[in-house]
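These numbers come from the heavy atoms of this one structure, side chains and all, not from hydrogens, waters or symmetry mates. Letters go in sequence order (proteins before strands), and every chain restarts at 1.
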Amino acid sequence: AQSVAQPEDQVNVAEGNPLTVKCTYSVSGNPYLFWYVQYPNRGLQFLLKYITGDNLVKGSYGFEAEFNKSQTSFHLKKPSALVSDSALYFCAVTERYGGSQGNLIFGKGTKLSVKP
Amino acid sequence: GAGVSQSPSNKVTEKGKDVELRCDPISGHTALYWYRQSLGQGLEFLIYFQGNSAPDKSGLPSDRFSAERTGGSVSTLTIQRTQQEDSAVYLCASSPTQDRSGNTIYFGEGSWLTVV
């Protein structure tokens with residue numbers, strides 16, 4: 001069965017410092033991996049995804065994520081955090097092939113708080 | 001429209017009443033998903049439509065929940081005899097095809113349901 005773990009419920013960062021939001025996954029085959037962001041009282045916005053190729057994926061708003069197959073991880077990073085990055089971040093996975101119907105399996109989310 | 005459109009954005013209903021939530025996907029998207037986001041529960045897959053294929057209803061929590069998609073476009077999620085535990089944000093999403101191909105799933109702003 002597919003699963004996603006976001007081990008931190010909350011991450012606190014000072015503005016201007018680098019940030020990392022962690023994600024590990026479990027699938028029986030090769031994964032497609034996604035990050036979404038949710039601002040208060042809003043829907044989910046797509047940030048970036050890993051499909052194939054370069055393990056370092058760059059996305060919206062200066063975010064990037066690195067796919068690490070051996071560690072089954074897909075951590076979200078940003079070199080310099082902004083107060084406006086404060087939001088809820090979701091990691092999601094689906095299998096490239098297999099029995100799933102293609103729907104995304106989400107982690108429980110990590111709340112990012114960036115202080116001035 | 002440019003994005004996934006959901007209505008109503010907010011709904012307060014009395015316990016035992018039926019509710020209908022509507023989703024209008026991005027034009028041309030053949031795959032449509034419903035997810036539920038409950039406080040502290042993360043995102044829960046409910047149902048998935050792909051073209052004219054039979055929907056994947058494996059995530060529906062009980063037989064009080066049903067969904068249909070007319071003409072391969074607009075979808076309605078119906079909750080009968082609502083219970084307080086049904087209070088949540090119901091998120092609709094669409095993609096050009098099922099995500100097994102790695103296509104991005106785009107979310108609407110959600111319908112916030114409160115059962116009192």
Side-chain angles (χ1 to χ4, degrees), chain A residues 1-10 23 27-54 57 59-60 65 67 74 87-111, chain B residues 2-7 9-10 21 23 25-26 29-51 53-60 67 88-112 114:
Chain A
Q2 304 168 71
S3 66
V4 176
Q6 293 182 242
E8 303 151 316
D9 291 336
Q10 181 153 346
C23 172
V27 297
S28 56
N30 291 314
Y32 292 136
L33 293 154
F34 298 77
W35 276 101
Y36 286 84
V37 60
Q38 186 177 36
Y39 297 100
N41 302 316
R42 303 295 301 277
L44 272 69
Q45 294 183 28
F46 169 73
L47 275 181
L48 52 81
K49 66 181 178 183
Y50 170 79
I51 303 300
T52 188
D54 195 347
V57 178
S60 307
F67 171 60
F74 190 57
L88 189 58
Y89 290 79
F90 289 96
C91 181
V93 68
T94 190
E95 282 186 85
R96 194 172 300 181
Y97 304 107
S100 71
Q101 293 300 310
N103 54 285
L104 291 173
I105 303 301
F106 285 87
K108 290 199 174 293
T110 298
K111 182 179 179 181
Chain B
V4 177
S5 178
Q6 292 189 245
S7 61
S9 54
N10 284 284
L21 308 176
C23 173
I26 293 172
H29 282 192
T30 58
L32 187 148
Y33 308 78
W34 284 98
Y35 284 82
R36 179 169 70 175
Q37 185 177 21
S38 305
L39 190 62
Q41 295 296 316
L43 283 144
E44 175 188 12
F45 165 74
L46 296 177
I47 190 169
Y48 153 73
F49 297 89
Q50 169 57 27
S53 301
D56 175 4
K57 304 179 182 180
S58 60
L60 293 178
V89 181
Y90 290 83
L91 292 165
C92 179
S94 70
S95 75
T97 185
Q98 67 183 68
D99 202 63
R100 200 181 292 186
S101 65
N103 284 306
T104 300
I105 295 177
Y106 296 93
F107 285 80
E109 294 292 308
S111 290
W112 298 67
T114 304

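In this structure, the side chain of B:Tyr106 does not engage the main chain of A:Leu44 through any donor-acceptor pair within 3.5 Å.
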Worksheet item: Yes or no on side-chain contact (heavy atoms from CB on, under 4.5 Å) for B:Tyr35 and A:Leu104, after CA distance, side-chain angles and deciding distance?
Response: CA-CA 10 Å; B:Tyr35 284 82; A:Leu104 291 173; 3.5 Å; yes
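At a 4.5 Å heavy-atom cutoff, the contact between A:Gln38 and chain B is made by side-chain atoms alone.
Taking the side chain as every heavy atom from C-beta outward, B:Trp112 and A:Asn41 approach each other to under 4.5 Å. Side-chain contact check for B:Gln37 versus A:Leu88: some heavy-atom pair is nearer than 4.5 Å. Using a 4.5 Å heavy-atom cutoff, the side chains of B:Leu43 and A:Phe90 are in contact.
In this structure, B:Thr104 and A:Tyr36 approach most closely via the heavy-atom pair CG2-OH, 4.0 Å.
Between B:Phe45 and A:Phe106, the ring center distance fails the sub-6.0 Å criterion.
Contacts of B:Glu44 classified as salt bridge (Lys or Arg N to Asp or Glu O under 4.0 Å), with partners at least two apart in sequence or in another chain: B:Arg36.
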